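The structure appears below as structure tokens.
Given the structure is predicted, the values throughout are model-derived calculations rather than measurements. Ligands are counted one by one from 1 in listed order, and the atoms in each one are counted from 1 as well. Start at 1 with the first residue, then count along the sequence.
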Amino acid sequence: MDKNEKHKAAMQKQKANVDASIERADVERGVAVLLTGNGKGKSSSAFGMVMRALGYGHKVGVVQFIKGQQLSGEEIYIRDHCPQVDFYQMGTGFTWNTQDRTGDIEAAEATWAKVKPMLADPAYNLVVLDELTYMLGYKYLDEAEVLAALKNRPVEQSVVVTGRGGGAALQEIMDTVSEVKDIKHAFTAGIKARQGVDY
Ligand code: ATP
Ligand code: MG
């Protein structure tokens, strides 16, 4: 068999596999996606899904649980151009900057109070909970309550959670779990965080 024939045979086999998988996937409902791991690309992937959803006119909610002092491009863009996105930030900054556990817990609870109605409202097609995992890791939020709210959300609603860690119980209830692996990062080579790329 020459190279071209070999390729054609391989592609035919692959197509049969893909078609069979598509045939098998017959459940239609929203999905719960967890983007975790130490590499770069979790939040930016979540905002990629926000853009996809907006392309179809879907209703989107975005809640960010940790906010740096630095504004981000996605925040600026959403606030200026996406009045249809309900955007909320915890607004306390990184825990290693606030160094205030009681204040952080209050802020986390106040932020969770914004999330709860979103996770109960079928009008939202997509809800992004950026950096939520840290609230579970630090036990700022009650894990059982958070998991129950994620699990009991409307059938058609998709939810995206980002952040390192998060725990086995969270992974268990999510439909899709992706780990972004840190192979290398520009920052460790001394390159400054870049506008439009990192924030
Ligand atoms: P991004 O928002 O770029 O998708 P992320 O959500 O995966 O990144 P976070 O842990 O939330 O990662 O960190 C946000 C910021 O930290 C970004 O500016 C990102 O470039 C940077 N960052 C992410 N991973 C690393 C890493 N392994 N080393 C250094 N900086 C990182
Ligand atoms: Mg992030």
Requested in this report: Would you mind running through ligand 1 and noting each atom that sits below 4.0 Å from a heavy atom of Gly41?
Outcome: 1 (P), 4 (O), 5 (P), 7 (O), 8 (O)
Query raised in the report: So which heavy atom in the protein is nearest atom 25 (C) of ligand 1, and how far is it from that ligand atom?
Result: His185 CD2, 3.2 Å
Report task. Look at atom 10 (O) of ligand 1 and say which protein heavy atom is nearest, naming residue and atom and giving the distance to 0.1 Å. Result -> Arg164 NH2, 3.2 Å
Query raised in the report: If we only count heavy atoms from C-beta on, is the Leu34 to Thr133 side-chain gap below 4.5 Å?
Result: yes
Report task. Measure from the Mg ion (ligand 2) to each N, O or S atom of Glu131 and report whether any distance is below 2.8 Å. Result -> yes
Requested in this report: Look at Ser43 and state whether any of its N, O or S atoms is less than 2.8 Å from the Mg ion (ligand 2).
Outcome: yes
Query - CD (Glu5) with more than 12 external heavy atoms under 6.0 Å - result: yes
Query raised in the report: Would you say atom 13 (O) of ligand 1 touches the protein, meaning some protein heavy atom is under 4.0 Å from it?
Result: no
Query - Contact check, Asn38 vs ligand 1, heavy-atom distance below 4.0 Å - result: yes
Query raised in the report: Is the shortest heavy-atom distance from the side chain of Tyr140 to the side chain of Glu109 under 4.5 Å?
Result: no
**Report entry** Side chain proximity check, Leu141 to Phe65, heavy atoms < 4.5 angstrom
**Finding:** yes
**Report entry** Heavy atom of the protein closest to atom 2 (O) of ligand 1 (residue, atom name, distance)
**Finding:** Ser43 CB, 3.4 Å
Report task. Do me a favour and list the nearest non-hydrogen protein atom to atom 18 (O) of ligand 1 with residue, atom name and distance? Result -> Asp198 O, 2.9 Å
Query raised in the report: Any side-chain heavy-atom pair from Met135 and Trp112 closer than 4.5 angstrom?
Result: no
